[in-house]
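Just follow the structure's listing: the first ligand is 1, and inside any ligand the first atom is 1. Because the structure is a prediction, the values reported are computed rather than measured.
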Amino acid sequence: MGYSAIVKDAPGDFSVKPNIPDYKKMREEFRWEKLSEELDWFSDTQINIGHIAVDAHLKTDRRDKKALIWESQKGEVEEYTFADLSRLSNQFANVLVKQIGIQKGDRVFFFLERVPEIFIGILGTLKAGAVIGPLFSAFGPDAVKDRLADSRAKVLVTSPMLKKKIADILPSLPHLENTMVVNRRNAHLSPDDISYEAAMEQASEDFETVRTSKDDFAIMHYTSGTTGKPKGAVHAHNAIIGHYATAKYVLDLHPDDIYWCTADPGWVTGTSYGMFGPWSNGVTQVVYEGAFSAKRWYTFIEKWGVTVWYTAPTAIRMLMKAGDGLPEQFNLDSLRYTCSVGEPLNPEAVIWGQKVLGRPFHDNWWQTETGAIMIANYPVQDIKPGSMGRPFPGIHAGIVDDEFNELPEGQEGNLAVKPGWPSMFRTYWEKEDLYRSCFKNGWYITGDKARKDEDGYFYFMSRADDVINTAGHLVGPFEVESVLIEHPAVAEAGVIGKPDPIAMEVVKAFVSLKKGYTSDEDLLHDIQTFVMKRLSSAATPREIEFIDSLPKTRSGKIMRRLLKSKELGLPLGDTSTLEDD
Ligand code: PRX
């Protein structure tokens with residue numbers, strides 16, 4: 001706030017005409033039906049994301065165009081055309097249907113590194129009419145178990161290394177009938193495993209994609225809330241209209257682009273914009289298997305001539321930290337358009353992009369639940385650094401008070417969106433009441449606080465709940481607290497997000513110990529390792545503070561608000577509810 005700089009006309013490389021010619025005009029004229037007509041439907045009501053992403057291109061001159069260029073951590077390169085992906089995903093669909101007996105609506109989960117097989121498997125699963133559920137490869141056994149148990153997934157596609165990590169939880173999942181192992185390095189497989197390679201070898205390359213209805217479930221992504229375990233946000237095949245439209249007009253994808261989305265396929269950005277958005281637009285994308293490294297990332301952009309780049313604020317802040325001298329050692333002239341999502345993007349990061357890379361970052365906002373970008377900066381409008389931009393044409397966003405009435409410009413309140421856009425989530429898996437509770441007075445309530453200025457630009461203020469956003473990963477404090485209290489030394493635990501200059505927030509835990517345990521460094525590390533092994537590194541408390549007892553309501557609920565105020569050195573405010581509900 002208070003940052004008045006404007007990046008004039010958000011300069012992109014206008015030698016390529018932006019897909020969105022005029023924001024206001026497009027808003028006035030926008031019709032989802034028109035966008036939907038650009039896609040290859042089976043009938044008025046039948047569409048399939050897998051078909052739209054790859055098979056639809058086979059009838060065009062994009063048939064032999066590269067769809068995926070993959071580079072491994074070690075530098076090996078594999079390239080797949082749309083025709084290749086179509087054929088391989090057909091084989092995978094045949095494996096599921098003919099060899100395993102998967103039926104429409106069954107859940108097929110992926111716990112796999114960022115390898116080509118995850119893309120092939122996801123496309124094949126969708127073509128088979130089943131529901132995909134991608135999981136972060138960084139998850140530990142508890143995080144995987146919760147999601148597989150809740151979704152009652154029938155198949156898990158994994159790798160030898162990741163399977164080893166979760167071997168102990170597999171026997172406790174009665175619905176999980178098959179584990180398929182992608183064995184790129186020829187490891188020894190257990191006799192119970194289905195070998196991906198052997199199964200694919202036997203499978204036919206011909207498959208007739210299931211004629212899914214636009215309302216059939218297609219995608220499940222688990223997302224964390226304040227209370228309870230993560231819930232599965234479910235999207236239907238209709239969502240592809242939203243992926244297609246926003247990739248075209250927000251990411252400004254053009255036929256000759258080389259597009260790079262740095263998100264992991266375990267995250268909704270990694271599916272909506274790491275698969276369906278670019279491929280429904282027939283665009284070539286490059287994927288880097290490895291983790292973040294400033295030098296490797298710049299090398300990757302230069303090597304492949306990346307033109308459109310979609311990344312996240314924590315990564316941008318890490319690039320800034322790596323120094324302005326580093327990008328000077330590379331030729332990054334190919335970059336035409338750069339976007340960011342997932343956390344608040346500091347104004348300095350927008351300006352840094354402009355100064356050092358020659359392109360400002362275009363921030364945009366959305367959620368697992370919204371399925372596609374809702375609010376964005378566009379190539380044809382000024383960026384106000386610090387703002388997420390304006391609603392996508394066809395999206396009506398507003399700020400509402402706690403009674404869910406719309407507030408005037410300038411006032412902070414709950415960020416809300418009028419329901420009915422194509423990629424809107426359809427339910428939280430088997431938690432319909434929770435789903436319904438998100439809709440109030442004709443709005444979908446996002447759970448974020450924001451404000452809107454007089455030009456219709458939105459500014460993120462904070463989350464309305466206790467969910468922690470660490471490097472773009474949402475971490476539910478309840479999930480971490482539940483694991484912490486399973487540690488033999490821990491009596492009680494309260495978890496909050498602590499502000500961090502790079503990751504925006506990191507997880508901090510307040511812990512009281514059981515009698516007989518002493519707080520020392522060894523115990524601290526032991527507790528950290530305990531959480532890391534079960535959940536993930538993102539969910540692991542970076543800091544643990546040992547305290548005698550935690551502030552609680554009478555019913556025993558930990559008062560995170562007080563812990564947070566204490567941490568930030570803020571006045572403790574109204575403590576009259578302390579020990580009271
Ligand atoms: O709090 C907002 C934050 O991330 C949440 C959505 O996270 P998730 O469901 O994991 O979706 C990931 C797909 C983007 C939002 O409720 N968030 C997302 N984008 C922004 C953001 N916060 C500030 N600025 C953004 N651009």
ask   = Taking the inter-plane angle between the rings of His362 and Tyr337 on a 0 to 90° scale, is it parallel (under 30°), tilted (30 to 60°) or perpendicular (over 60°)?
value = tilted
ask   = Taking only residues two or more places apart in sequence or in another chain, which ones pass ring-ring contact (aromatic ring centres under 6.0 Å, His included) with Tyr435?
value = Phe425, Phe439
Do any nitrogen or oxygen atoms of ligand 1 lie under 3.5 Å from a protein nitrogen or oxygen, and which ones?
residue	atom	partner	partner atom	Å
ligand 1	1 (O)	Asp448	OD1	3.0
ligand 1	1 (O)	Asp448	OD2	3.2
ligand 1	1 (O)	Arg463	NH1	3.4
ligand 1	4 (O)	Gly342	O	3.4
ligand 1	9 (O)	Thr368	N	2.9
ligand 1	9 (O)	Thr368	OG1	2.6
ligand 1	10 (O)	Trp267	NE1	3.2
ligand 1	11 (O)	Thr368	N	3.3
ligand 1	16 (O)	Gln367	NE2	2.9
ligand 1	16 (O)	Asp448	OD1	3.2
ligand 1	16 (O)	Asp448	OD2	2.8
ligand 1	16 (O)	Arg463	NH1	3.1
ligand 1	17 (N)	Gly342	O	3.3
ligand 1	19 (N)	Gly342	N	3.2
ligand 1	24 (N)	Glu343	O	3.3
ligand 1	26 (N)	Asp363	OD1	2.9
ligand 1	26 (N)	Asp363	OD2	3.4
ligand 1	26 (N)	Asn364	O	2.7

ask   = Which of these passes ring pair (Phe, Tyr, Trp, His ring centres under 6.0 Å) with Tyr23: Tyr457, Phe392, Tyr378?
value = Tyr378
query = Which pairs count as ring-ring contact (aromatic ring centres under 6.0 Å, His included) when at least one residue sits in residues 107-126, sequence neighbours excluded?
reply = Phe119-Trp279
Set of ring-ring contact (aromatic ring centres under 6.0 Å, His included) partners for Phe478, sequence neighbours left out = none
ask   = Side chain of Asn469, backbone of Gly342: donor and acceptor closer than 3.5 Å?
value = yes
